[in-house]
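To start, the structure under review is shown below, and the notes come after it.
Every number for a ligand or one of its atoms is a count from 1 in the order of the listing. Since we're looking at a predicted model, the values are computed, not measured.
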Amino acid sequence: MVARVIPVDPFDLVIFGATGDLARRKILPALCRRFGEGQMPEGARIIGAARSEMSRDDFIEMVSQAFDEFLGAQAPDAAQRAAFFERLDYVAIDAMGDDGWTTLAEQMREDVVRAFYFSVAPSLFGPLAANLGKFRMITPQTRIVVEKPFGNDLQTARALNHTLAEFFDETQIYRIDHYLGKETVQNLMAVRFANIFFEPLWNARFVDHVQITVAETVGVGGRGPYYDKSGAMRDMVQNHLMQLLCLMAMEPPYKFDPDAVRDEKLKVIHALDPVAPADVVRGQYAAGPETASFADEVENANTATESYIALKVGISNWRWKGTPFYLRTGKRLRSRVSEIAVAFRDPPHSIFGEDAPWKANLLVIRLQPDEGMTLKVMIKEPGPGGMRLKNVALDMSFAEALGDDLHIPDAYERLIMDVIRGNQTLFMRGDEVEAAWAWTDPIIAAWQGSADKPAMYDPGSSGPDEALKLIHMDNRSWREIR
Ligand code: BG6
């Protein structure tokens, strides 16, 4: 495979929250990787900004330790680090006050792309935007990158959009959903729109149902206070699963262009049916032999927050009416797997007799791990013994198909470079985020008005039994989480 690395234009990238977990775990390693691949030109500079008073050397030492901690065997060697660190600088800054801003403003160059990455608590998004305005740092070439959570509900998301719009044009705002930067998620668009044979089948006439699964083995870890307020619905469904659903269900955009793609996704969100309480199952993990319960991890014995959720979602449009989309996501499950499974309908008539061992065709797009695709098809079992049918897998792993040295870039590598290039295709538009909340809010409101608590499930399981019933009621079953 020939990797194509197209260098971007020179830029100044400021990371607010540069000492935080996301910056150390994802953003800085992603930048180092892109640097190593030769994508950053001479004039590219990265400035860490955070509250801590520290020297440039201290910051570099911190970044170096982060590479050791989070990149393991893939950590850059000493020479690569040294070259990358030449691009780094650090400025101590008070997001809420004036300290540090003049120093930062003086470092900015006039004629290059300026990107400000808001890798901070959402309460600081507004103050940061205001200070960028106050210290005259917003040029036509300026972009901001805003991490999730983008609001907590429709009202707060709207207020945030409003605040940002006081300082920035929509074309300058890059709302990150890192799922959109995953290679296989982008591949979903390639599979759908670069091949002829899926499209005629991609509708309610031929698709029985769709399953979207994002299962994790980790618990909430040190994010207890945030997660207890958020829960799986806000943390995963409103953004990541919703994006997967949109890419899966949308009409072909007329062009692979930011607004063309986002217009089509928005239409899907508008067409989502409201979800009845009976079509939602919430779960919460219990303690295991070696792991604490969710309640203990979030330090709230009475918590009614869900660490697991399964829902059945309908889409009221010509393409999908009558084909349910089952979504599920949870923490502390049996394994880490993200996939989209498209279950096709049975053929209308069996020429092999009613007893033939039918298994409907199934297309599975594996987002992680072992990125790839499997298509389950019926064949004749070879050899004598009559026409015996068998269901087999046409299996493709990207690593095998595209070579052992294939490096699947982390989502952040792609997304940050898109910000510098000025390509918003893989970022959420303001109206899209609001529409997603408008659909999510009533589902959450229904629980808040009820005494129902999430069903408990064992860590290492595939979620609560109630989730099995949700799909069994429709005479279907979940794919196993292996
Ligand atoms: C984040 C959520 O957005 O995505 C986390 O806040 C979750 O709770 C994570 O663990 C999952 O991302 P990935 O890339 O590991 O699938």
Exercise. Regarding R175 and the six-membered ring of F427, is the cationic atom NZ or CZ under 6.0 Å from the ring centre and inside 45° of its axis?
Worked result: no
Problem set entry | Identity and distance of the protein heavy atom lying nearest atom 12 (O) of ligand 1 | H178 NE2, 3.1 Å
Exercise. Looking at atom 10 (O) of ligand 1, what's its closest protein heavy atom, distance included?
Worked result: E216 OE2, 2.5 Å
Problem set entry | Nearest candidate to atom 14 (O) of ligand 1, where distance is taken over non-hydrogen atoms, out of K182, K148, H240, R336 | K182
For this session: Step through the shown structure and confirm whether more than 12 heavy atoms of other residues, nucleotides or ligands are within 6.0 Å of NE2 on H162.
Result: no
Problem set entry | Numbered atoms of ligand 1 (with element) below 4.0 Å of Q368, judged on heavy atoms | 13 (P), 16 (O)
Seminar exercise, completed: In ligand 1, the atoms that come under 4.0 Å of a heavy atom of K331 are 5 (C), 7 (C), 8 (O), 10 (O)
Problem set entry | Shortest protein contact, atom 8 (O) of ligand 1 (heavy atom only) | D235 OD2, 2.6 Å
For this session: Please work out whether the ring planes of F16 and F116 are parallel, tilted or perpendicular, with thresholds of 30° and 60°.
Result: parallel
Problem set entry | Y179 and H240 aromatic ring geometry - parallel, tilted or perpendicular at 30°/60° bounds | parallel
Exercise. Can you find an N or O of Y227 that's nearer than 3.5 Å to an N or O of ligand 1?
Worked result: no
Seminar exercise, completed: Ranked by distance from atom 16 (O) of ligand 1, the top protein heavy atom is Y179 OH, 2.5 Å
For this session: For ring-ring contact (aromatic ring centres under 6.0 Å, His included), just list the numbers for H209 and Y326, CA-CA rounded to whole Å, side-chain angles, deciding distance to a tenth of an Å, and then say yes or no.
Result: CA-CA 8 Å; H209 73 281; Y326 298 91; 5.5 Å; yes
Exercise. Would you say Y226 and ligand 1 have an N/O pair spaced under 3.5 Å apart?
Worked result: no
Exercise. Do ligand 1 and S338 have nitrogen or oxygen atoms that lie under 3.5 Å from each other?
Worked result: no
For this session: Step by step, work out the side-chain hydrogen bond (donor to acceptor under 3.5 Å, both in side chains) result for Y457 and S307.
Result: CA-CA 10 Å; Y457 62 95; S307 59; 2.8 Å; yes
For this session: Please determine, by modelled atom types, if Y226 and D235 share a side-chain donor-acceptor pair under 3.5 angstrom.
Result: yes
